[in-house]
2 protein chains.
Amino acid sequence: MPRVGMMALRMDALVNATIEQIGRKGSLDVTVSQIAKAAGVSSALAHHYFGSKDELFLAAMRAILSEFGAEARRELARASTPQARLSAIVRASFGGQNFRPEVVAAWLNFYVLAQTQPQAARLLAVYQRRLVSNLTHALRPLAADPTTAARTAAALIDGLYIRHALASAGPPDAATAIATVERYLALAIGDRS
Amino acid sequence: MPRVGMMALRMDALVNATIEQIGRKGSLDVTVSQIAKAAGVSSALAHHYFGSKDELFLAAMRAILSEFGAEARRELARASTPQARLSAIVRASFGGQNFRPEVVAAWLNFYVLAQTQPQAARLLAVYQRRLVSNLTHALRPLAADPTTAARTAAALIDGLYIRHALASAGPPDAATAIATVERYLALAIGDRS
DNA sequence: CTTTTTGTTGATTGACCAGTCAATTAAAAA
DNA sequence: TTTTTAATTGACTGGTCAATCAACAAAAAG
């Protein structure tokens with residue numbers, strides 16, 4: 001039943017299935033066949049559209065990263081004060097689609113992938129630079145040393161992420177994670193409330 | 001040349017080779033043959049002593065964890081004040097054998113392993129509980145909310161770890177990492193220096 | 001000196017999997 | 001209607017790898 005325009009549909013389904021399978025299994029050790037089956041197509045089709053397993057992984061990474069970027073832009077659009085911008089960045093990190101268990105688990109695995117795949121490393125570096133840059137920008141009018149505070153906050157966010165990847169038992173507690181980062185930011189700003 | 005007492009020697013060599021290979025490759029995707037060759041023995045011997053690849057991985061994890069514990073005990077023994085205890089814990093996290101690039105890279109991969117291997121998850125949970133407990137204990141006389149500060153510091157340490165796992169270019173900058181955590185702790189304690 | 005124990009490996013097996021290819025279907029274009 | 005083109009797959013291949021096993025070597029025990 002070859003209807004034209006299937007390509008975008010199939011690629012989307014395959015990318016989502018990739019994230020879901022990596023997340024569910026908690027490992028990059030998923031076969032193309034498993035992913036394809038989860039997407040409802042044959043493994044040959046996955047190779048047809050993506051060329052290789054690595055490309056499929058990279059596409060999944062890009063999907064997560066761009067979803068994160070979109071969420072961040074959405075939240076930042078509502079923020080006018082520097083404090084609100086900080087909150088927006090933090091909420092984007094732990095909110096919406098970005099904090100679903102499979103996504104967090106996949107995220108952790110992409111860190112591993114970045115150790116071998118130069119492309120994956122590049123993507124991750126872009127994300128990290130953007131996060132630190134957003135934080136620095138928002139902190140500039142507030143903190144004595146915006147750069148250091150931003151780097152610390154970024155590391156804290158990453159740390160909370162992987163802690164959540166492990167604590168797979170129980171629901172992903174976004175509220176606590178957000179509160180933890182915001183408490184740190186309040187300290188760094190010198191807020192004595 | 002079967003001299004008695006080889007067992008302990010070989011097992012040590014295999015465990016070290018496992019850490020080194022996982023670290024070098026940046027992935028759990030290392031073959032038993034590669035590890036065995038790096039240890040100077042046959043793959044059959046690795047299976048003879050450890051039974052399975054998983055057991056070998058777990059032994060490597062235990063080695064890293066117990067090295068970390070030893071370092072922590074060593075540093076804590078020199079500390080008398082609560083402040084010194086905090087410093088000791090932070091230094092143990094980023095000092096000595098624990099911050100070599102291969103070890104950090106292997107560490108990241110053990111996080112991934114813990115998502116599938118219940119044993120690995122257990123080991124990691126023990127380490128995390130001990131870290132938070134040590135930090136809480138040292139923070140009790142210093143901070144208003146020792147538990148929260150300890151959890152935050154632990155997440156920060158983990159975050160800095162994986163950031164270093166990625167920034168494989170350049171030397172592992174322990175000093176900066178230590179300074180970052182101590183700066184946070186100073187804030188959390190309410191130090192206004 | 002013989003026997004046992006310990007250490008060690010090459011060869012093999014059984015399973016799995018990424019990637020290829022030729023063939024098939026049906027929609028769309030000519 | 002005929003032809004082209006997009007979508008799709010089953011079957012296959014070449015390669016890899018964990019785990020097993022039977023056999024061998026040499027030290028230690030008797």
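By convention in this document, chain letters (A, B, ...) are assigned in the order of the sequence lines, proteins followed by strands, and residues within each chain are numbered from 1.
Rounded to whole Å, atom P of dA22(C) lies 18 Å from atom CG of L45(A). Between the NZ atom of K37(A) and the C1' atom of dC16(C) there is a distance of 14 Å, given to the nearest Å. The distance from atom CG of D29(A) to atom C1' of dT16(D) is 13 Å, rounded to the nearest whole Å. Nucleotide dA27(C) holds its C1' atom 17 Å from the CE atom of M7(A), rounded to whole Å. Distance, Q21(B) CD to dA18(D) P: 12 Å, rounded to whole Å. Put simply, NE2 on H48(B) is 14 Å from C1' on dA19(D), counting in whole angstrom units. Residue M11(B) contributes atom CE, which lies 15 Å from atom P of dT6(C) at whole-angstrom precision. To the nearest angstrom, C1' of dG14(D) lies 14 Å from NE2 of H47(A).
Between the side chains of S87(A) and E182(A), at least one donor N or O lies within less than 3.5 Å of an accepting N or O.
For the side chain to side chain contact (heavy atoms under 4.5 Å, CB included) with Q21(A), the qualifying choice from L28(A), N16(A), V30(A) is V30(A), the only one to do so.
The backbone N or O of A165(A) lies less than 3.5 Å from a partner atom in the side chain of Q115(B), making a donor-acceptor pair.
Mapping G5(B) and A44(B) onto DNA chain C via the closest heavy atom, the residue that lands nearer the 5' end is G5(B).
Within 4.0 Å of T31(A), counting heavy atoms only, lie sugar-phosphate atoms of the nucleic acid but no base atom. Here S52(B) lies in heavy-atom contact (under 4.0 Å) with sugar-phosphate atoms only.
Relative ring orientation between Y161(A) and W107(A) is described as tilted, the plane-to-plane angle lying within the 30° to 60° band.
Between R10(A) and dA7(D) there is no side-chain N or O to OP1 or OP2 distance below 4.0 Å. Applying the 4.0 Å criterion to OP1 and OP2 of dA6(D), one finds that Y49(A) has every side-chain N and O outside that range.
Considering only side-chain atoms of M6(A), the nucleotide from dA7(D), dA18(D), dT8(C) that sits closest is dA7(D). Distance from the side chain of K53(B) is smallest to dA19(D) among dA28(D), dT9(D), dA19(D).
In summary, the aromatic rings of F94(A) and H164(A) are positioned with their centroids too far apart to meet the 6.0 Å limit.
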